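Just the heavy atoms: all of them, side chains too, but no hydrogens, waters or symmetry mates, feed the values below. Please read all numbers here as calculations on a predicted model, not as lab measurements.
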Amino acid sequence: MTRLAIVGDYDSNYIRNDVILTGLKSNQVDFIEYKIPRSGFNRFFIFFKYREEVKKSDYVLVLSSDSSRPLVILCRIFFGKKIIWDAFYSLYDSWVNDRRLAAPRSLKAYYYWFLDW
């Protein structure tokens with residue numbers, strides 16, 4: 001049986017994550033959740049604490065929000081497993097269009113676009 005580790009700083013009640021988790025459960029996918037705090041220095045210790053457990057899984061599903069890009073890279077390096085990533089989250093769209101924290105043609109906007117690319 002395939003084992004799946006779900007790693008991230010996600011909110012299980014957020015609709016997108018709820019749909020993914022409910023879909024996995026309804027299809028009898030065997031998974032274990034490893035939640036990491038969204039902020040704070042101890043999040044790195046918790047990430048490494050899960051290392052040996054996650055290595056027992058066949059795949060790693062990374063569920064997160066805007067902090068998922070570095071988390072995906074860390075999971076690939078430290079867990080050495082195939083990564084499944086819910087990547088349908090655009091930094092550019094969220095930070096430039098929705099939150100308006102950067103002007104559309106600013107250096108910051110180009111930076112967010114580059115990260116999305």
query: Within the side chain of T22, is there an N or O that forms a donor-acceptor pair under 3.5 Å with the backbone of V19?
result: no

- request: Please identify each residue that fulfils salt bridge (charged side-chain N to carboxylate O under 4.0 Å, His left out) with R76, with sequence neighbours left out.
  value: none

- prompt: If you link I, L, V, M, F, W and Y whenever their side-chain heavy atoms are under 4.5 Å apart, who else ends up in the same group as L107?
  reply: none

message: Donor-acceptor check, side chain of R43 to backbone of I36, threshold 3.5 angstrom: yes or no?
response: no

message: Strictly distance-based, threshold 3.5 Å: is any side-chain N or O of D18 a donor or acceptor partner for the main-chain N or O of Y14?
response: no

query: Would you say R51's side chain and F78's backbone share a donor-acceptor pair under 3.5 angstrom?
result: yes

- prompt: Other than F45, which residues form its hydrophobic cluster under the rule that side-chain heavy atoms must be closer than 4.5 Å?
  reply: F41, F44

Full working for side chain to side chain contact (heavy atoms under 4.5 Å, CB included) between Y59 and R3: CA-CA 7 Å; Y59 300 93; R3 293 188 324 193; over 6 Å; no

- request: Using the test ring-ring contact (aromatic ring centres under 6.0 Å, His included), find all partners of Y50 that sit at least two apart in sequence or belong to another chain.
  value: Y34

query: Does some side-chain heavy atom of F47 sit less than 4.5 Å from a side-chain heavy atom of L71?
result: yes

Results of salt bridge (charged side-chain N to carboxylate O under 4.0 Å, His left out) for D116 - residues two or more places apart only: R69

- prompt: Donor-acceptor pair, N17 side chain versus S12 backbone, under 3.5 Å?
  reply: no

query: Ignoring hydrogens and geometry, is there a side-chain-to-backbone donor-acceptor pair from S57 to V60 under 3.5 Å?
result: no

message: Could you check whether any side-chain heavy atom of I20 comes within less than 4.5 Å of a side-chain heavy atom of L63, counting everything from C-beta outward?
response: yes

message: Test your reading of the model: is there a side-chain donor-acceptor pair from K81 to the backbone of K55, 3.5 Å cut-off?
response: yes

query: Sub-3.5 Å donor-acceptor pair from the side chain of N27 to the main-chain atoms of V29, do we have one?
result: no

message: Could you walk me through whether L24 and L4 satisfy the side chain to side chain contact (heavy atoms under 4.5 Å, CB included) test, starting with their C-alpha distance in whole Å, then the side-chain angles of each, then the deciding distance to 0.1 Å, before giving a yes or no?
response: CA-CA 10 Å; L24 291 170; L4 176 68; 3.9 Å; yes

Results of ring-ring contact (aromatic ring centres under 6.0 Å, His included) for F31 - residues two or more places apart only: none

